[in-house]
Amino acid sequence: METLPLHKVRILHTSDTHLGDPYGHPISETAFEATVRAAESFNADYMLIAGDVFDNARIKDSVINSFFNQISKLCIPVIILPGNHDLMDKHSLYKRELFSNAPSNLYVFSNNEGEIFSFPEIDFWGKAMNEHSPEFKPVTGMTQASNSKWFVGMAHGHFEEEAVESGRSSLIFPSDISSLRCHYLALGHWDVYTDVSQGSVPAFYSGAPAGIFKDKFSAITVDMDPANGVTHFLREFD
Ligand SMILES: [Mn+2]
């Protein structure tokens, strides 16, 4: 990408919040509330949750309602990508009637082949997972950026250093990433912050909000700047 878009944009990137699992993820609600506050205090223009937003398809409606409450506290778009814990399949939790009353700033990727959410200065691409299997390729089919806008990909899957068929599900290989034409790839599936950038493509797992800092929560902020290009920071917060 030769010329950078004209507008400055800041994104807050998180993933693997696992809401609705009081036993496995006992502080998930607290961590998510802190992350919503962080999106505001870091002045993010967009918030991304790269999969496993909810822990399983059997969560109570009340979990979704309190998620909606949090989202409606923000006046920025919140873009979420279904992962292997919250699949976009026939029985998806995202197909509950409840979602017809979702906050107007919530965007959920629902297409299993990939789709774009388009905003004035930036486009987001994501492919909603329908089956966590070796056949599911999280970034394959990503479209191209338009020259005048930032372009961010979102994907939920397992990064595999060696491009060999290991039989694992939802794999992302280094060559899958390096061949992308996006300014940033927001990844989810790993609980720990990890840099898997390839070639000229910045690609990061944000890790879960309650991931690495023992007494603190964390998320990534990504600055997309016409002068300085793309810079990311791992942020910690209470
Ligand atoms: Mn996952």
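Indexing begins at 1, ligand by ligand and atom by atom, following the structure's order.
Take Lys8 and apply the salt bridge (charged side-chain N to carboxylate O under 4.0 Å, His left out) test, not counting sequence neighbours, and it matches Asp225. The ring-ring contact (aromatic ring centres under 6.0 Å, His included) check on Phe68 picks up Phe99, with sequence neighbours excluded.
Not one N or O on the side chain of Ser133 forms a donor-acceptor pair closer than 3.5 Å with the backbone of Ser169. With hydrogens and angles disregarded, a donor-acceptor distance shorter than 3.5 Å links the side chain of His183 to the backbone of Phe151.
Atom CZ of Phe117 sits about 9.5 Å away from atom CE of Met154, to the nearest 0.5 Å.
Take the Mn ion (ligand 1) and draw a sphere of radius 2.8 Å; the protein N/O/S atoms inside it number 4.
Under the salt bridge (charged side-chain N to carboxylate O under 4.0 Å, His left out) criterion, no residue pair touches residues 20-36, with sequence neighbours excluded.
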